[in-house]
Visitor: 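What follows is a structure written as structure tokens; I'll ask about it next.
Values below: every heavy atom of this structure, side chains too, minus hydrogens, waters and symmetry copies.
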Amino acid sequence: MKHNFLFIKIGLMAFIAVFLILICTSGNYADKPMEEITAVLSQAEGIEALKEGDANDLRRYYNLEEGELEGFMLYLPTSPMDADELLVVKMKDEQQASAVEQAILQRQASQKASFEGYGAQQTALLNGYVLEIKGRYAFYAVSPYSQAWQSLFSEIIRA
């Protein structure tokens, strides 16, 4: 009987240790400058088909102001008939996450409404969008390469 309690105690201690390690490491993202993130992602497969966006595009399409963010990178389709897009935002603090996420979701919904009814391929891409908030970073992609870009982004910011 005492032997069983020893196994239970050891198992419980191991579980608590693993749990604490996961809690301590799960939200830790390196404070990478946007220049470094942009340098890596701008070389990713599929990016060459997009054009780089600027602060005016960020305001126009996402209603986000460059001055309210620490940095961003934006790649847009070269044709209005395409839906591919990549946005990475580094926020000044995590309190901005909700507003940035809402801006991205509004853009996605607007694009989806634009293509519904005639752009089956674009609508499918827009339905498969990737949106992820990690600490002070927001990642949004609409592309056949979305998952690859997201993996690359996660590797860059991982501490």
Visitor: Within this structure, what is the CG-CE distance for the pair L69 and M91, rounded to the nearest 0.5 Å?
Guide: 8.5 Å
Visitor: Around N63, counting heavy atoms of other residues, nucleotides and ligands shown, do more than 12 lie under 6.0 Å from its CG?
Guide: no
Visitor: I want to check something: taking the side chain as every heavy atom from C-beta on, are L125 and D82 in contact at a cut-off of under 4.5 Å?
Guide: no
Visitor: With a sphere of 6.0 Å drawn around CD of Q121, does it hold more than 12 non-hydrogen atoms of other residues, nucleotides or ligands?
Guide: no
Visitor: Do I104 and Y129 have side-chain heavy atoms sitting under 4.5 Å apart?
Guide: no
Visitor: In sequence, state the C-alpha distance, the side-chain angles, and the governing distance for L87 and M73, and then conclude on side-chain contact (heavy atoms from CB on, under 4.5 Å).
Guide: CA-CA 6 Å; L87 173 67; M73 70 172 283; over 6 Å; no
Visitor: So E132 and S154, do their side chains get closer than 4.5 Å, heavy atoms only?
Guide: yes
Visitor: For A83 and V142, which heavy atoms make the closest approach, and how far apart are they?
Guide: O-CG1, 3.5 Å
Visitor: Out of curiosity, Y137 OH to I156 CD1, how far, rounded to the nearest 0.5 Å?
Guide: 9.5 Å
Visitor: Using modelled atom types and a 3.5 Å cut-off, is there a donor and acceptor pairing between side-chain atoms of E48 and backbone atoms of G46?
Guide: yes
Visitor: If you group Ile, Leu, Val, Met, Phe, Trp and Tyr by side-chain heavy-atom gaps below 4.5 Å, do I133 and V130 land in one group?
Guide: no
Visitor: Any chance you could lay out the side-chain contact (heavy atoms from CB on, under 4.5 Å) test for V88 and F72, step after step, and finish with the verdict?
Guide: CA-CA 5 Å; V88 178; F72 74 96; over 6 Å; no
Visitor: So how far is it from R107 CZ to L131 CG, rounded to the nearest 0.5 Å?
Guide: 14.0 Å
Visitor: Rounded to the nearest 0.5 Å, how far apart are CD of Q147 and CG of L152?
Guide: 13.0 Å
Visitor: Could you check whether any side-chain N or O of T38 sits under 3.5 Å from a backbone N or O of M34, counting only pairs where one atom can act as donor and the other as acceptor?
Guide: yes
Visitor: Out of curiosity, S143 OG to L86 CG, how far, rounded to the nearest 0.5 Å?
Guide: 8.5 Å
Visitor: So which atom in L76 and which in G53 form the shortest heavy-atom distance, rounded to 0.1 Å?
Guide: CD1-CA, 4.2 Å
Visitor: Show the numbers, then the answer: is there a side-chain contact (heavy atoms from CB on, under 4.5 Å) between D84 and Y145?
Guide: CA-CA 9 Å; D84 299 53; Y145 301 99; 5.5 Å; no
Visitor: Is it the case that one hydrophobic cluster holds both M81 and L50, taking links as side-chain heavy atoms less than 4.5 Å apart, direct or via other members?
Guide: no
Visitor: Drop me the distance from K90's NZ to Q96's CD, to the nearest 0.5 angstrom.
Guide: 12.0 Å
Visitor: Dump the intermediate steps for side chain to side chain donor-acceptor pair (under 3.5 Å) on T123 and K112, then the final yes or no.
Guide: CA-CA 6 Å; T123 302; K112 188 175 170 185; over 6 Å; no
Visitor: Compare every heavy atom of K92 with every heavy atom of G67, then report the nearest pair and how far apart it is.
Guide: O-NZ, 2.8 Å
Visitor: Determine whether E85 and Y140 make a side-chain contact, defined as any pair of heavy atoms from C-beta on separated by less than 4.5 Å.
Guide: yes
Visitor: So F139 and Q150, do their side chains get closer than 4.5 Å, heavy atoms only?
Guide: yes
Visitor: Do the side chains of R59 and E66 get close enough for a salt bridge, i.e. N-O under 4.0 angstrom?
Guide: no
Visitor: Would you check if R136 and E70 make a side-chain contact, meaning some heavy-atom pair closer than 4.5 Å?
Guide: yes
Visitor: Any side-chain heavy atom of L74 within less than 4.5 Å of one from Y62?
Guide: yes
Visitor: So do the side chains of L41 and I47 get within less than 4.5 Å of each other, counting heavy atoms only?
Guide: no
Visitor: Could you report the tightest heavy-atom contact between S42 and A39, atom names first, then the distance?
Guide: OG-O, 3.3 Å
